[in-house]
Amino acid sequence: VAVGADSDGSLDSFVTILHRNSESGSTESVTSDDDSGPDFESLAQFEVQAGEHYFVDVNGYGDSTTPYRLDITTGPMPQDDYPDSPDTAFAVALSPAESVNPGAASLSANLEIAFDHDTFEFVAPVSGRVSVSVGATGDSFLDSYLTIYHRDASGAPVSVTVDDDSGPGLDSFAQLEVVAGGRYVLEVSGYGSSAGGYHLDISTALPGSDDFGNDFGLAANMGLVNVS
């Protein structure tokens, strides 16, 4: 469901999708969206069942008003490109320790529908600081959300950090310290009902490659000169 302002309008739309339960008759919210489409347009995706009743509630964000277009399309569910759960995460091979740029990888993926999750697992080939960025592709309006896990001794994923918009625009960017041989899981999702294509980039900065220390114990001596 897409809601966009007419060519001469400037509506900042907000759409809510509701479903009428065929058994109880009650109306339940399915999803909502503000700006997942181009500019300030709304775009919501959801699964439907044949014969069921759905409602589209369109509002202007704040006091925004103007004529708008409402487009509804239905198609088969797209095939998911990567697993949804950390338990079945796709294994990503980072460049080996002996390579020129160890601990690096990049790939392109897609959150095909709203509330899709893609999960990736890697084993750190070296110890260091890993940077992970999730950037929307040129034709995508994805507002990405990144969660990073470390697998504990039992193999269970333990959340390490999360990020929404630390990268350019609505892109995600996060850093963490890794230990060689450690197993880490990246979970990519969309903020709210946001979906679309993205690039996933992983890089590792080795210990000692930082130009200045990160704490007081490693602070650099500036060597000030007395000019009196």
Any luck finding a side-chain donor-acceptor pair between [X] and [Y] under 3.5 Å?
X: N101; Y: S99; result: no
X: Q175; Y: S131; result: yes
X: D118; Y: Y198; result: yes

(message) Using a 6.0 Å cut-off, check whether atom CZ of F55 has over 12 heavy atoms from anything other than its own residue.
(response)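 Atom CZ in F55 is packed in, count exceeds 12.
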(request) Kindly compute the distance separating CG (D87) from OG1 (T119), expressed to the nearest 0.5 Å. (result)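 So the gap between those two atoms works out to 8.5 Å.
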(request) Give a yes or no on whether L43 and L111 share a hydrophobic cluster (residues Ile, Leu, Val, Met, Phe, Trp, Tyr; joining criterion: side-chain heavy atoms under 4.5 Å apart). (result)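 No, it is not one cluster - the side chains of L43 and L111 are not joined through contacts under 4.5 Å.
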(request) May I ask whether V48 and V56 are part of the same hydrophobic cluster, defined by side-chain heavy atoms of I, L, V, M, F, W, Y residues being less than 4.5 angstrom apart, directly or through others? (result)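 Yes, same cluster.
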(request) Examine Y82 together with F120 and report whether their ring centres are nearer than 6.0 Å. (result)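 That pair passes the under 6.0 Å test.
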(message) One pair to check against side chain to side chain contact (heavy atoms under 4.5 Å, CB included): D12 and D34. What are the steps and the verdict?
(response) CA-CA 8 Å; D12 181 359; D34 183 11; 3.2 Å; yes
Treating [X] as the side-chain partner and [Y] as the backbone partner, does any N or O pair qualify as donor plus acceptor under 3.5 Å?
X: T31; Y: I17; result: no
X: S194; Y: D143; result: yes
X: D163; Y: S172; result: no
X: S106; Y: D201; result: no
X: T16; Y: S32; result: no
X: T147; Y: V162; result: no
X: T204; Y: G103; result: yes
X: S13; Y: S42; result: yes
X: D171; Y: G135; result: no
X: S133; Y: F173; result: no

(message) For T27, run the side-chain contact (heavy atoms from CB on, under 4.5 Å) check against R20, H19, H53 and tell me which one passes.
(response)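 Passing option: R20.
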(request) Evaluate the side chain to side chain contact (heavy atoms under 4.5 Å, CB included) criterion for residues E112 and D80: first the C-alpha distance (whole Å), next the side-chain angles of each, then the deciding distance (0.1 Å), finally the verdict. (result) CA-CA 7 Å; E112 291 85 4; D80 198 3; 3.1 Å; yes
(message) Regarding R183 and E121, does a basic nitrogen lie under 4.0 Å from an acidic carboxylate oxygen?
(response)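 Result for this pair is yes, salt bridge flagged.
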(message) Run L170 and Y191 through side chain to side chain contact (heavy atoms under 4.5 Å, CB included) and show every step you take.
(response) CA-CA 9 Å; L170 300 177; Y191 185 83; over 6 Å; no
